[in-house]
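Below: the structure, in structure tokens.
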Amino acid sequence: MTVSPDLVLRTYRPDDHDRVVALNRYGLAAAGVPLEQDVYAGDLDDVEVTYPNGRGVLLVGEIDGKVVAMGGLRQVESGTCEILRMRVDLQYQGRGYGRAMLCALEDHALRLGYEQVTLLTGPDQHPAIELYRNTGYREIAVEDHGDLRGVRLAKALVSQRPE
């Protein structure tokens, strides 16, 4: 799936692992989250089991063969999924790649039959929160995860396809 002339979104492959882990570590550090306090710790240990299980996916965005963005989708309940691990390399931010990843994940969720999507971000992640709000998400809770506080947002998924 091509989003722009330079960004290609595709499903994770095993040879992406090192870059995905590095991109995730960057995202955690940028959000001020120590590795040992990662709410989703362990999901990247065996990506093939965690995400592409028929009810989830891990997508990557690449430019000239380099993974510069990522985002995951996993089932929470039968009709609800969660978007997680939304990351865009610092050098590539501000170009709409996060929005493209979010739209691709939502499209994937619709194809899987989900009716609602949730996500968790940090209260100081203002560009992320703005992106989510601008695309129809609303804040539904503030959560404490140990010493970390998170903002839970949700959106009802509506198919844009004609009936």
Side-chain angles (χ1 to χ4, degrees), residues 3 7 9 11-12 16-47 49-53 55-63 66-77 79-110 112 114-157:
V3 173
L7 181 72
L9 297 178
T11 304
Y12 168 92
D16 297 325
H17 189 261
D18 291 344
R19 181 64 185 137
V20 163
V21 168
L23 192 54
N24 182 59
R25 286 187 179 151
Y26 153 74
L28 291 172
V33 177
L35 282 175
E36 64 275 3
Q37 293 184 3
D38 181 0
V39 174
Y40 302 105
D43 68 316
L44 298 177
D45 294 345
D46 192 349
V47 172
V49 170
T50 305
Y51 290 98
N53 59 9
R55 297 299 296 155
V57 68
L58 183 64
L59 299 178
V60 297
E62 67 178 14
I63 296 176
K66 178 183 178 187
V67 173
V68 301
M70 64 186 278
L73 178 92
R74 69 178 188 172
Q75 183 174 12
V76 177
E77 297 172 350
T80 303
C81 63
E82 179 178 33
I83 289 177
L84 64 157
R85 299 292 190 207
M86 287 280 295
R87 310 277 190 259
V88 176
D89 185 291
L90 179 62
Q91 293 180 301
Y92 296 89
Q93 291 179 5
R95 301 180 191 186
Y97 298 158
R99 181 181 294 268
M101 179 65 71
L102 182 62
C103 289
L105 289 166
E106 289 177 355
D107 287 347
H108 199 87
L110 279 168
L112 290 173
Y114 291 113
E115 299 166 0
Q116 179 170 293
V117 62
T118 70
L119 56 85
L120 180 68
T121 192
D124 297 326
Q125 299 300 304
H126 301 293
I129 292 171
E130 183 177 331
L131 167 65
Y132 300 137
R133 286 185 176 151
N134 287 341
T135 54
Y137 287 79
R138 59 180 173 65
E139 186 176 323
I140 60 169
V142 175
E143 302 174 5
D144 288 320
H145 298 274
D147 294 336
L148 298 174
R149 179 154 280 189
V151 177
R152 175 75 56 188
L153 296 106
K155 177 180 179 178
L157 294 174

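Atoms considered below: every heavy atom in the structure, side chains included; atoms not considered: hydrogens, waters and symmetry mates.
- Closest approach of L157 and A109 over heavy atoms only: CD1-CB, 3.6 Å.
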Trace of the side chain to side chain donor-acceptor pair (under 3.5 Å) decision for D43 with Y51: CA-CA 8 Å; D43 68 316; Y51 290 98; 2.2 Å; yes
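- Here the side chains of V151 and L153 are in contact, with some heavy-atom distance below 4.5 Å.
- Counting only heavy atoms from C-beta outward, the side chains of I83 and M101 never approach each other to under 4.5 Å.
- Side-chain atoms of N134 come within 3.5 Å of backbone atoms of E130 as a donor-acceptor pair (strictly under, hydrogens ignored).
- A104 and L59 make their closest contact through CB-CD1, 3.8 Å (heavy atoms, listed as atom of the first residue, atom of the second, distance).
- The pair D38-R85 meets the salt-bridge criterion, since a charged nitrogen lies less than 4.0 angstrom from a carboxylate oxygen.
- Under the salt bridge (Lys or Arg N to Asp or Glu O under 4.0 Å) criterion, R55 pairs with no residue at all, not counting sequence neighbours.
- Under the side-chain contact (heavy atoms from CB on, under 4.5 Å) criterion, D18 pairs with no residue at all, not counting sequence neighbours.
- In this structure, M86 CE and T121 OG1 are separated by 9.5 Å, a value rounded to the nearest 0.5 Å.
- Counting heavy atoms from C-beta outward, Y137 and T118 have side chains that stay 4.5 Å or more apart.
- Scanning both residues, L9 and G61, for their nearest heavy atoms gives CD2-CA, 3.6 Å.
- For the pair L102/Y132, a side-chain contact is recorded, criterion being any heavy-atom separation below 4.5 Å from C-beta on.
- In this structure, D45 and H17 approach most closely via the heavy-atom pair O-NE2, 4.4 Å.
- Judged by distance alone, the side chain of K155 and the main-chain N or O of R138 form no donor-acceptor pair under 3.5 Å.
- Note that the CG atom of L23 and the CE atom of M70 stand 6.0 Å from one another [nearest 0.5 Å].
- The shortest side-chain heavy-atom distance between E115 and T80 does not fall under the 4.5 Å cut-off.
- Residues meeting the side-chain contact (heavy atoms from CB on, under 4.5 Å) test with A22, sequence neighbours left out: R19.
- Q116 approaches A154 most closely through the heavy-atom pair NE2-CB, 4.1 Å.
- Distance check, rounded to the nearest 0.5 Å: CG of L73 to CG of D107 gives 11.0 Å.
- Contact check for P34 versus Q37: side-chain heavy atoms found under the 4.5 Å cut-off.
- A heavy-atom distance below 4.5 Å is found between the side chains of L44 and L58.
- The main-chain N or O of L7 is never found under 3.5 Å from a side-chain atom of E62 such that the two would form a donor-acceptor pair.
- A distance of 10.0 Å separates CD in Q91 from CD1 in I63, rounded to the nearest 0.5 Å.
- Side-chain contact check for L90 versus Y26: some heavy-atom pair is nearer than 4.5 Å.
- A donor-acceptor contact shorter than 3.5 Å links the side chain of Q75 to the backbone of E77.
- Evaluation of the side-chain hydrogen bond (donor to acceptor under 3.5 Å, both in side chains) rule for R133 yields E139 as partners, not counting sequence neighbours.
- Annotation: side-chain contact (heavy atoms from CB on, under 4.5 Å) contacts of R74 (sequence neighbours excluded): Y40, E82, L84.
- Not a single ring-ring contact (aromatic ring centres under 6.0 Å, His included) links Y92 to another residue, sequence neighbours left out.
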Verdict with reasoning, V68 to V88, per side chain to side chain contact (heavy atoms under 4.5 Å, CB included): CA-CA 6 Å; V68 301; V88 176; 5.8 Å; no
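- The CZ atom of R87 sits 11.0 Å away from atom CD of Q93, with the distance rounded to the nearest 0.5 Å.
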